[in-house]
Amino acid sequence: MDLIIRNGMIVSHSGRQIGDIAIKDGKVAAIGYLGNMTAKKEIDATGKVIIPGGIDTHTHHENPFQGCEGGDDFYTGSVAAAHGGTTTMMDFSITPQGELPYDFAKTRIEKALKRGIVIDFSFHCCLTEMNNKVLAQVKDTVELGIASFKVYMIYRKENMMMDDGMLLELMKEATKYGALVGVHAENAAIAEYNVAKSIAEGKTDWIDHALTKPNIVEYEAIKRAVTLAESLNTGTYIYHMSTKEGADILMRAREEGKPVYAETCAHYLSLTDEKFEGEEGYLNLLSPPLRKEEDNDRLWEGIRRNAIYATGSDHAPFTRREKELRLERGADGKFIHDFTKVANGGPGIEMKLPTLINGVSQGKITWEDLVFTNSYGAARIFGLYPKKGEIQRGADADIVIVDPDREVTIEGPETLHMHCDHTPYLGLTYKGWPETTILRGNVIVDEGEFVGHMGSGEFQKRKIDPQILKTSLWK
Ligand code: MN
Ligand code: MN
């Protein structure tokens with residue numbers, strides 16, 4: 001064998017065992033008590049928890065938005081992801097208006113490879129307009145291995161929004177080729193009305209951004225997307241779900257076996273709108289906005305009930321300079337609080353798994369629930385399974401060794417490895433931390449030190465299991 005990891009607690013989405021894992025040629029070769037087996041390298045994992053490599057279903061790298069691009073490129077962002085126990089990232093290929101989805105997606109894949117991405121990767125294809133030329137490339141895009149689409153139900157003035165007619169048209173076309181269409185679920189009309197009203201009343205503080213997007217803005221849009229998908233007997237996916245009402249919709253759908261899936265993000269599980277207070281509240285502006293503790297709690301419940309299938313970071317590492325780009329200073333030298341002048345997005349690629357581990361430490365979810373939402377669910381839904389998502393014979397040896405007792409306090413961005421000079425997780429303490437990350441049998445992070453090499457990431461061609469689009473009763 002190439003590598004044996006001994007005596008750890010190996011967790012799957014449905015159970016756990018103490019045992020050894022043997023790896024050969026990048027694949028899991030055996031699991032169990034492998035006392036007599038030998039390998040070139042051994043890792044003693046006594047007292048450690050061993051989980052499948054994480055799948056971050058939502059990252060943005062080298063992806064201009066509202067005039068910002070972020071501090072990380074595909075290389076630095078993927079190194080940070082590896083430190084956070086993520087071995088596959090799903091980034092976005094946001095096709096600008098006037099360009100075509102298949103052609104644009106190819107440039108995104110090439111860019112990630114050229115930059116030397118160190119973990120495996122895939123893309124969701126975003127469309128921002130609908131016409132016959134765009135429609136004609138849906139099939140090619142799916143055949144390229146990009147079997148999921150994201151549509152923005154908001155961002156009209158950014159020229160990214162598609163209305164319901166376009167969304168339904170895309171769902172029809174994508175369904176023909178077995179792809180999954182998901183949404184950035186925000187009701188544009190309500191949010192736009194609220195923003196205009198808020199500006200007219202001079203309410204432009206950081207918190208007012210969140211107040212223009214109350215929970216109804218999200219859950220109405222979720223219901224609408226679900227209705228559209230149901231009309232075509234297909235499934236849908238909710239990106240970055242943030243509300244308790246959204247969690248309720250998903251829990252009900254799960255009970256009914258409907259193919260309605262969602263991811264939430266680390267920040268919606270652990271941060272609240274208090275982050276918009278103070279002079280630096282602008283750093284934490286993102287959409288959907290951070291909400292209340294009761295929303296956090298319900299999202300944890302959604303994970304506990306295995307109704308939230310995936311988790312992402314929505315990593316958009318806009319630097320301080322980028323966040324401040326359009327802000328003006330008042331006579332006192334301080335920024336004039338104007339939420340309309342701040343790019344929406346925040347950094348967090350390394351914090352997804354630590355947030356989930358901390359949830360286990362606090363008794364909110366089990367290790368099995370963690371595996372379900374950290375890797376297994378995403379792999380199943382998006383067509384990465386059985387290659388990814390679970391530690392089992394024949395699967396890629398994407399493995400994370402977690403020290404469940406190690407405590408880490410986020411002292412500042414320097415605690416983390418991303419190239420972004422602020423973090424919303426500042427001052428928080430985590431119990432349990434990923435220490436070693438293995439990608440296809442190669443140790444890339446060794447007890448907190450990056451030991452991988454540039455360009456070790458591979459593009460993952462995906463094809464979605466047709467069953468996924470019919471029912472969620474596949475657990
Ligand atoms: Mn979005
Ligand atoms: Mn996003």
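Counting starts at 1 for both ligands and their atoms, in listed order. Just so it is clear, the values below take in all heavy atoms, side chains as well, and ignore hydrogens, waters and symmetry mates.
Around the Mn ion (ligand 2), protein atoms of type N, O or S found under 2.8 Å number 3.
For Tyr261 against Ser472, the heavy-atom pair with the smallest separation is OH-CA, 3.6 Å. Between His83 and Pro434, the shortest heavy-atom distance links the atoms O-CG, 3.7 Å.
A salt bridge links Glu255 to Arg305: at least one charged side-chain nitrogen sits closer than 4.0 Å to a carboxylate oxygen.
The salt bridge (charged side-chain N to carboxylate O under 4.0 Å, His left out) analysis of residues 176-192, with sequence neighbours excluded, yields the pairs Arg156-Glu192, Glu173-Lys176, Glu186-Lys213.
Both tests pass for Lys150 against the ring of Tyr239: distance under 6.0 Å to the centre and angle within 45° of the axis.
Put simply, the residue from His61, His419, His58 that forms a ring-ring contact (aromatic ring centres under 6.0 Å, His included) with His315 is His61.
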